[in-house]
Each structure stands twice: as C-alpha cells, then as structure tokens.
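Because only heavy atoms are used, hydrogens play no part in the values below, and waters and symmetry mates are left out as well, while side chains stay in. Here is the naming used below: chain letters follow the sequence lines, and residue numbers restart at 1 for every chain.
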2 protein chains.
Amino acid sequence: MRIAEFAQATGFAVDTLRYYEKIGLIEPPLRDSAGHRIYGPAELRWAKFLGRLKTTGMPISGMLAYARARAEGEVTTPERARMLREHRAEVARRVAELQDCLSVLDSKIASYEATMSDAKGPDHVAEHTGNTRRTRPQAAR
Amino acid sequence: MRIAEFAQATGFAVDTLRYYEKIGLIEPPLRDSAGHRIYGPAELRWAKFLGRLKTTGMPISGMLAYARARAEGEVTTPERARMLREHRAEVARRVAELQDCLSVLDSKIASYEATMSDAKGPDHVAEHTGNTRRTRPQAAR
DNA sequence: CCTTGACCTGGAGTGCGCTCCAGCCCCCAC
DNA sequence: GTGGGGGCTGGAGCGCACTCCAGGTCAAGG
C-alpha cells in the first residue's frame, strides 16, 4: 500500500502522514525500489488507532508519549494502560460537558422557536446560562 | 464588575476578553471614570453563553456570525435559531463520535489489563480499530 | 525517447486563538 | 505624596498542527 492509498484508508492527509513519521508518531515504513513508502496492515491498525486518539482530542505530545512507550515493548504495558485510562477519563468528562452544553443549546433553541411562533414575541430572548444545576463552583467574590 | 472579576466569572482570561471585544464578539462595555471596563449582568450572560459555544467547538468565525446576527435584533431570530440548530447537530455528531471512540479505548484498555493479569501475557496486544463486529481478523499475520 | 504522474526531501508558511509586553494612566492606602 | 495595584492601548509573539512548495527521482505508457 502506497502513501496515497494509506492516506485514503486512514483519513490522514499524505503530508500529515509524512509529518507524523518525521516527529516519530509513525515508524518509518518499508520502501520500495524507488524509495517510496510501503505500508502494511500493522501500520494501518496503528494509524487508525492514532486517528481515534486524535479524534478524542489527545494532543500530539500525548500521542508521542504513547508511541514511545509502545516502541519500548511489552514492558510498558502498565504505563500505556494508565495513559489510556487517564485519557479515557478525560474524554468521558468532555462528553459529559458537551451533553450539558447540548441541553443549554436545546433550551435556547426552544426559546427562539417560542419567540418565532408568537405573533410579536415576548420582549426578547435573553441569554440564560443553563445553570440548571451545579455549574462551575464560583469563587463568590 | 471590573474585568478581573468578569474574567473569573466567565472563565475567560482578561486578555481573551479584550481580544473578544476587539474582534466584535463582545460589545464594548461601559467605562468608569478611569476608563476601566464595567460589565453588567447582561454581558455576563452573553459571555457565559459564548463560553458554551466555545466549549462545544464553535470556531470564532461562527460565534462572530451569531454575535452579528444578535446585534441586528429580533429580525434575525430565525437565522440565529437555524445557526444554533445546525451547531447543535454538529455537537451531537461529535458526542456520538466520542462515544464510539470511548468504546475503542475501553476495549483496548481491557486487552491491556488482560495482558497484565497474565503471568506472561498472550503474544502481544495488537492495535485493533474498534470494529468489534464485522471485520474479520485477516488471515495473514 | 519523452512525457506524465506519483512520490521523494528539507524547509518555509499558514491559520487559529490566544498571550504577552512596553509604556502609560488612575486611584487608593499609608 | 508616594508606592502599589489594577487597568489601559496597540502591536508583537507564540504554540499547535498541519500544509504547501521547489526542485528532484523514478517507472511506465505512448
């Protein structure tokens, strides 16, 4: 599999793949006689997993730490497990936060639609912060 | 409320608030006799709502479009409702995507933990893309 | 033989969203 | 009245994650 096809398969741009290789996120793949990169299924699995990490917002520095641990072999299994557990927790927090925001959006959309369905509408639609319960603990001056 | 307290209350940095004002995301607030910005509750509600938009990944260009529509008054209510509905849909997609990634992380963590609980562990933990169903392990290895 | 097109390299450039800074002003407490 | 703290401005700088480019190699098709 050459780089164009690999890019297609992983969702990364060709330039991004070379960049990832340059910074050590992806191992330098084999080359064919012309010096072109040839990727195999193992590379594909790894790149797809990197895509998951990226999608979940892991910064490159984090992916790099994981990649380096991975390169050290099985001895780093506990470390990698810890990294993933921490990241998982972070992602779960973000999901919860987004869901909270979704409900704010929903109520704002609902109030817009209520306004629109009125002939004239109520005064105006004010921003409301969606503090239905427990927002950020506020340092009360 | 002066800018430091406002920053505290909104979660934005002081510099960020001035930056948002400069680009038109926040209306220039009143000034006190010393020329210092004075923010009121309406500004607070708006800034908190902006924080929600930001948290949900809306780019500044999007927030700006919304802010401009808002500045035009009630006539833009349908437009703003549309913007929020579209954004809401986008956020919902992202949540679903993250949840999908969460399950990938979970299964990977589980396989790490299985490896760790073995005295020696199975061969190794391969990257698997999270296609738990469908995708048959390709014969080659 | 010549063109085409995919790929190569090192390095420069980009867009986003802030973040920091110098140099200044104003008010208040001591 | 002096020192300190908070605020002001315009503009430069930064970190991240790419993205683009010039100039080159190579293999195959016409």
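Atom CG of A/Leu17 and atom P of D/dT19 are 11 Å apart (whole Å). A straight line from CG of A/Asp15 to P of C/dT14 spans 15 Å, rounded to a whole angstrom. Spacing between atom CG of A/Leu64 and atom P of D/dA17 amounts to 10 Å, rounded to whole angstrom units. Summarising the geometry, the separation between CE on B/Met63 and P on C/dC16 is reported as 12 Å, rounded to the nearest angstrom. What separates CE of B/Met58 from C1' of C/dG17 is a distance of 16 Å, to the nearest Å. Atom CD1 of B/Ile38 is separated from atom P of D/dG7 by 9 Å (rounded to the nearest Å). Atoms CG (A/Asp32) and P (D/dC26) sit 11 Å apart, rounded to a whole Å. When rounded to the nearest whole Å, the span between CG of B/Leu30 and P of D/dC8 equals 13 Å.
Under 4.0 Å is where a charged nitrogen must lie from a carboxylate oxygen, and between B/Arg85 and A/Glu113 at least one such pair does. Electrostatic pairing of B/Glu86 and B/Arg82 counts as a salt bridge here, judged by a charged N lying under 4.0 Å from a carboxylate O.
Using a 4.0 Å heavy-atom cutoff across all strands shown, B/Lys54 reaches sugar-phosphate atoms only and no base atom. At a threshold of 4.0 angstrom between heavy atoms, the contacts of A/Phe12 with the nucleic acid are absent. Contact annotation for B/Arg37: backbone-only contact, meaning every heavy-atom pair under 4.0 Å involves sugar-phosphate atoms and none involves a base.
Of the side-chain N and O atoms in B/Arg18, none sit less than 4.0 angstrom from OP1 or OP2 of D/dT9. Between B/Arg31 and D/dT9 there is a side-chain N or O to OP1 or OP2 distance below 4.0 Å. Under 4.0 angstrom from either OP1 or OP2 of D/dC18 there lies at least one side-chain N or O belonging to A/Tyr20. The phosphate of D/dA27 has OP1 or OP2 within less than 4.0 Å of a side-chain N or O from A/Ser33. Contact between the side-chain N/O atoms of B/Thr16 and the OP1/OP2 oxygens of C/dT19 is found at a separation under 4.0 Å.
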Inset, instruction - Could you please spell out the steps behind the ring-ring contact (aromatic ring centres under 6.0 Å, His included) verdict for A/Phe49 and A/Tyr66? - result: CA-CA 11 Å; A/Phe49 183 65; A/Tyr66 185 83; 5.8 Å; yes
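Here the side chain of B/Trp46 pairs no donor or acceptor atom with the backbone of B/Pro41 at under 3.5 angstrom.
Comparing A/Tyr19 and A/His36 along DNA chain D, the residue whose closest nucleotide (by nearest heavy atom) sits nearer the 5' end is A/Tyr19. Between B/Ala34 and B/Ile60, the residue whose closest nucleotide on DNA chain C is further toward the 5' end is B/Ile60.
When every heavy atom of B/Thr76 is checked against every heavy atom of B/Arg70, the shortest pair comes out as OG1-N, 4.1 Å.
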